[in-house]
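Here's the structure, in C-alpha coordinates; my notes come after.
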Amino acid sequence: MAGSAHGHTPAAWTGVIISFIGFCIAGVFMVAANQPGFWAGMGVIVLGGIVGGAMKAAGLGMPKESAAVAAARETATATARARA
(Lines give C-alpha, C1' and ligand atoms only; values in the text may rest on other atoms or scores of the structure.)
Protein backbone atom coordinates (compact mmCIF):
# COMPACT_ATOMS: atom_id res chain seq x y z
CA MET A 1 0.00 0.00 0.00
CA ALA A 2 2.89 2.37 0.52
CA GLY A 3 3.48 2.52 -3.23
CA SER A 4 -0.07 3.59 -3.99
CA ALA A 5 -0.29 6.36 -1.33
CA HIS A 6 -3.52 4.75 -0.14
CA GLY A 7 -5.38 7.05 2.22
CA HIS A 8 -2.98 9.99 2.14
CA THR A 9 -5.64 12.57 1.28
CA PRO A 10 -7.32 15.40 3.18
CA ALA A 11 -10.62 13.48 3.06
CA ALA A 12 -9.10 10.36 4.62
CA TRP A 13 -7.19 12.24 7.33
CA THR A 14 -10.18 14.36 8.29
CA GLY A 15 -12.56 11.40 8.46
CA VAL A 16 -10.14 9.35 10.56
CA ILE A 17 -9.36 12.20 12.96
CA ILE A 18 -13.05 12.94 13.56
CA SER A 19 -13.78 9.23 14.04
CA PHE A 20 -10.85 8.88 16.44
CA ILE A 21 -12.17 11.79 18.52
CA GLY A 22 -15.56 10.07 18.58
CA PHE A 23 -13.90 6.83 19.67
CA CYS A 24 -12.20 8.64 22.54
CA ILE A 25 -15.47 10.30 23.59
CA ALA A 26 -17.35 7.00 23.49
CA GLY A 27 -14.57 5.26 25.43
CA VAL A 28 -14.55 7.83 28.22
CA PHE A 29 -18.31 7.75 28.61
CA MET A 30 -18.40 3.94 28.45
CA VAL A 31 -16.01 3.77 31.40
CA ALA A 32 -18.07 6.43 33.17
CA ALA A 33 -21.24 4.35 32.56
CA ASN A 34 -22.95 7.29 30.87
CA GLN A 35 -25.10 5.98 28.02
CA PRO A 36 -26.05 9.32 26.43
CA GLY A 37 -22.39 10.36 26.28
CA PHE A 38 -21.43 6.99 24.81
CA TRP A 39 -24.03 7.30 22.05
CA ALA A 40 -22.94 10.89 21.39
CA GLY A 41 -19.42 9.55 20.83
CA MET A 42 -20.81 6.90 18.47
CA GLY A 43 -22.59 9.68 16.60
CA VAL A 44 -19.30 11.54 16.20
CA ILE A 45 -17.76 8.35 14.75
CA VAL A 46 -20.53 8.16 12.15
CA LEU A 47 -20.10 11.88 11.49
CA GLY A 48 -16.44 11.24 10.68
CA GLY A 49 -17.45 8.79 7.97
CA ILE A 50 -19.98 11.18 6.54
CA VAL A 51 -17.53 14.11 6.51
CA GLY A 52 -14.81 11.96 4.90
CA GLY A 53 -17.23 10.74 2.24
CA ALA A 54 -18.47 14.27 1.54
CA MET A 55 -14.90 15.54 1.20
CA LYS A 56 -14.09 12.68 -1.17
CA ALA A 57 -17.16 13.55 -3.26
CA ALA A 58 -15.97 17.17 -3.30
CA GLY A 59 -12.71 16.08 -4.92
CA LEU A 60 -10.42 15.92 -1.88
CA GLY A 61 -9.98 12.14 -2.04
CA MET A 62 -7.82 9.93 -4.26
CA PRO A 63 -8.46 10.55 -7.95
CA LYS A 64 -9.52 7.55 -9.98
CA GLU A 65 -6.67 6.24 -12.08
CA SER A 66 -6.96 6.04 -15.82
CA ALA A 67 -6.80 2.82 -17.82
CA ALA A 68 -3.35 3.84 -19.10
CA VAL A 69 -1.96 4.11 -15.57
CA ALA A 70 -3.43 0.73 -14.60
CA ALA A 71 -1.94 -0.89 -17.72
CA ALA A 72 1.46 0.66 -17.05
CA ARG A 73 1.40 -0.65 -13.48
CA GLU A 74 0.54 -4.16 -14.70
CA THR A 75 3.38 -4.05 -17.24
CA ALA A 76 5.87 -2.84 -14.63
CA THR A 77 4.77 -5.53 -12.17
CA ALA A 78 5.05 -8.26 -14.78
CA THR A 79 8.52 -7.03 -15.80
CA ALA A 80 9.69 -6.93 -12.19
CA ARG A 81 8.42 -10.46 -11.57
CA ALA A 82 10.12 -11.74 -14.70
CA ARG A 83 13.46 -10.31 -13.53
CA ALA A 84 13.17 -11.85 -10.07
Side-chain angles (χ1 to χ4, degrees):
M1 279 207 261
S4 66
H6 176 75
H8 298 287
T9 64
W13 279 102
T14 304
V16 168
I17 289 170
I18 292 171
S19 295
F20 179 71
I21 291 169
F23 173 78
C24 291
I25 292 169
V28 166
F29 283 109
M30 183 170 49
V31 170
N34 183 325
Q35 285 189 4
F38 169 78
W39 287 110
M42 295 300 286
V44 173
I45 292 171
V46 171
L47 179 67
I50 293 169
V51 169
M55 289 179 70
K56 180 179 177 186
L60 295 172
M62 291 289 287
K64 297 209 185 255
E65 66 182 22
S66 66
V69 171
R73 182 182 306 111
E74 290 297 324
T75 303
T77 303
T79 303
R81 286 183 183 160
R83 290 182 185 178

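- Two different hydrophobic clusters hold V28 and I21 under the rule that ILVMFWY side chains link at heavy-atom gaps under 4.5 Å.
- Within a 6.0 Å radius of CZ in F38, other residues, nucleotides and ligands contribute more than 12 heavy atoms.
- Cluster annotation: I50 and W13 are assigned to distinct hydrophobic clusters (Ile/Leu/Val/Met/Phe/Trp/Tyr, side-chain heavy-atom contacts under 4.5 Å, transitive).
- In this structure, OG1 in T9 is found 7.5 Å from CE in M55, a value given to the nearest 0.5 Å.
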Compile the donor-acceptor pairs under 3.5 Å between side chains in residues 77-84 and protein atoms, sequence neighbours left out, one pair per line.
unit_1: T77; atom_1: OG1; unit_2: R73; atom_2: O; d: 2.8
unit_1: T79; atom_1: OG1; unit_2: T75; atom_2: O; d: 2.8

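- Linking Ile, Leu, Val, Met, Phe, Trp and Tyr whenever their side-chain heavy atoms come within less than 4.5 Å puts W39 and F29 in one cluster.
- When all heavy atoms are compared, the tightest approach of I18 to G48 is CG2-CA, 3.4 Å.
- Closest non-hydrogen pair, S19 versus G49, comes out as OG-N, 4.0 Å.
- Under the 4.5 Å side-chain contact rule for hydrophobic residues, V51 and V16 do not share a cluster.
- Taking all atoms of both residues into account, the shortest heavy-atom contact from P36 to N34 is CD-OD1, 3.0 Å.
- In the hydrophobic cluster analysis, where Ile, Leu, Val, Met, Phe, Trp and Tyr join through side-chain heavy atoms closer than 4.5 angstrom, I45 is grouped together with M30.
- Here I25 contributes atom CD1 and F20 contributes atom CZ; the two are 11.0 Å apart, rounded to the nearest 0.5 Å.
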